[in-house]
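Written out below as structure tokens is the structure these notes cover.
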Amino acid sequence: MHVPDGFLDVPTSVATGAVAVTGVSVALRGARRELDDRTAPMAGLVATFVFATQMINFPVGAGTSGHLLGGALAAVLVGPWTAVLCVSVVLLVQALMFADGGITALGTNITLMGIVAVAVGWLLFRVISGVLPRKLVLVAPIAAVAAFVSVPATALGFVALYSLGGAAPIPLDTLTAAMVGWHALIGIGEALITGLVVGSVTAVRPDLVHGARRALGSRDLEIRSTLGATR
Amino acid sequence: MRTRTLVIVGLVVALLLAGVVSFYASARPDGLEYVAEKTGFLDTAEDSATAEGPLSDYSTKGVDDPRLSGGLAGVLGSLVVLVVAGGLAFAVRRRGRDSEDVRDDNAGAGSR
């Protein structure tokens, strides 16, 4: 969903640039509460994994394709503030090194994929987690549902920006239907990848999954010999 | 599984995805590009200022073999993201062993 230069006018791009700078600054403070010696390597891994996975476009429908956004995935694995930083680094590297997403559109892309996707994915994950039993087996399916919704929600964010400062006069209902429709399909891929990755990490090291902490905390304490070897 | 093992396994998977599997990715336009084409605003896109860069569009300038060209770009990009994001995470993290047992968001306040 990388927005190229030219899709949005200059005032809108300046505004999203300001939103991106503010969002990343707030995330830098928030991430401090999520990162320690144990979880910092995970942040590097998650950003690298999101970058690599975004290179794998999967076919969707007849003539289009999609790739992971990774906002919900990163939020559940390393926490929402760190997720904003991870996705923003990926978008920065993509724009500067690979001309993937525009330079003047970098603020727009960070706002959409770095902030909106992460916020929607994380908030939905927390809301669903709050109403379901605190069980480790539910972490991955809940993350998958949150990831699914985050994609059309981010597409809707693009439509909102386009209604403010789109370069061409496009009927809003047509744009909304097309963007949300196609990105709901892409969301299925997002859900599958997110569920698979969160499920895999939760299976081996639930203590390193930010979104699994509540489920872990409510588990009865027990002594397991394998846990001693993990620190 | 040790944290180091998990991170190394994850990085190997990421490098394989970016360096090898990416060759088999769909070349169709992505969702936004497709919608822009169908609804008629794709031609408002402008070339990025970095469009002439040595790795632009995930191919390495001067490497003719498409498999190698894309794979090299993917591996280089992954390593740069790892260094920048990992460095940032280590720079902003709470330091010291006292942070290891922090389980919830407000416990960190008292640990320093």
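These figures come from a predicted structure and were not determined experimentally. Quick note on labels: first sequence line is chain A, next is B, and so on, each numbered from 1.
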Partner chain B: residue of A/T48, A/V89, A/T39 with the largest heavy-atom pair count (under 4.5 Å): A/T48
Which atom of B/T44 lies closest to which atom of A/A168, heavy atoms considered: CG2-CB, 4.2 Å
Structural part of A/A62 lying under 4.5 Å from a heavy atom of chain B: backbone
Beyond-backbone contact of A/M97 with B/V80, side-chain heavy atoms, under 4.5 angstrom: yes
side-chain contact (heavy atoms from CB on, under 4.5 Å) assessment of A/M55 paired with B/L17: CA-CA 8 Å; A/M55 287 186 73; B/L17 288 174; over 6 Å; no
Heavy-atom check, side chain of B/L32 versus side chain of A/M1, under 4.5 Å: yes
B/L6 portion near chain A, given a 4.5 angstrom heavy-atom threshold: both
Full working for side-chain hydrogen bond (donor to acceptor under 3.5 Å, both in side chains) between A/R38 and B/T3: CA-CA 8 Å; A/R38 239 160 33 89; B/T3 307; 5.9 Å; no
Side-chain touch A/D5/B/D47, heavy atoms, less than 4.5 angstrom: no
Contact check, side chains of A/L35 and B/F90, non-hydrogen atoms, under 4.5 Å: no
Side chain B/S78, main chain A/A52, donor-acceptor under 3.5 Å: no
Chain A contacts, top residue of B/A51, B/G19, B/G77 (heavy-atom pairs, under 4.5 Å): B/G77
Residue B/V75 versus chain A: region with a heavy atom under 4.5 Å: neither
Student check: side-chain heavy atoms of A/P59 and B/R28 closer than 4.5 Å: yes
Pairs of heavy atoms under 4.5 Å with chain B: top-ranked of A/I56, A/V46, A/T82, A/L96: A/I56
Top contributor to chain A interface from B/G53, B/G86, B/S56 [non-hydrogen pairs under 4.5 Å]: B/S56
A/R205 side-chain N/O to B/M1 backbone N/O, donor-acceptor pair under 3.5 Å: yes
Heavy-atom closest pair, residues A/I103 and B/S48: CG1-OG, 3.6 Å
Region of A/V50 in contact with chain B, defined by heavy-atom distances below 4.5 Å: neither
Top contributor to chain B interface from A/Y162, A/F51, A/W182, A/F158 [non-hydrogen pairs under 4.5 Å]: A/F51
Minimum-distance pair of heavy atoms, taken over all atoms of A/A31 and B/V92: CB-CG2, 4.3 Å
Closest non-hydrogen atom pair, B/L55 against A/F98: O-CD2, 3.2 Å
Check: A/G66 main-chain N/O paired with B/D30 side-chain donor or acceptor under 3.5 Å: no
Chi angles and distances behind the side-chain contact (heavy atoms from CB on, under 4.5 Å) call for A/L175, B/F41: CA-CA 10 Å; A/L175 184 62; B/F41 66 96; 3.6 Å; yes
Verdict with supporting geometry, B/D57 and A/D100, side-chain contact (heavy atoms from CB on, under 4.5 Å): CA-CA 6 Å; B/D57 211 19; A/D100 188 10; over 6 Å; no
Pair A/D36 + B/R93: basic N to acidic O under 4.0 Å: no
Contact check, side chains of B/L88 and A/L28, non-hydrogen atoms, under 4.5 Å: yes
Closest contact, heavy atoms only, B/A36 versus A/F7: CB-CZ, 3.7 Å
Proximity breakdown for A/I170 and chain B, heavy-atom pairs closer than 4.5 Å: side chain
Flag if over 12 foreign heavy atoms under 6.0 Å of CH2, A/W81: no
Chain A contact via B/L42 - side chain, backbone, both or neither, heavy atoms under 4.5 Å: both
Over all atoms of both residues, closest heavy-atom pair of B/R94 and A/E34: NH1-N, 4.0 Å
Part of A/V60 lying under 4.5 Å from any heavy atom of chain B: backbone
B/S26 and A/F58, any side-chain heavy atoms less than 4.5 Å apart: no
Under 3.5 Å donor-acceptor, B/T50 side chain and A/A95 backbone: yes
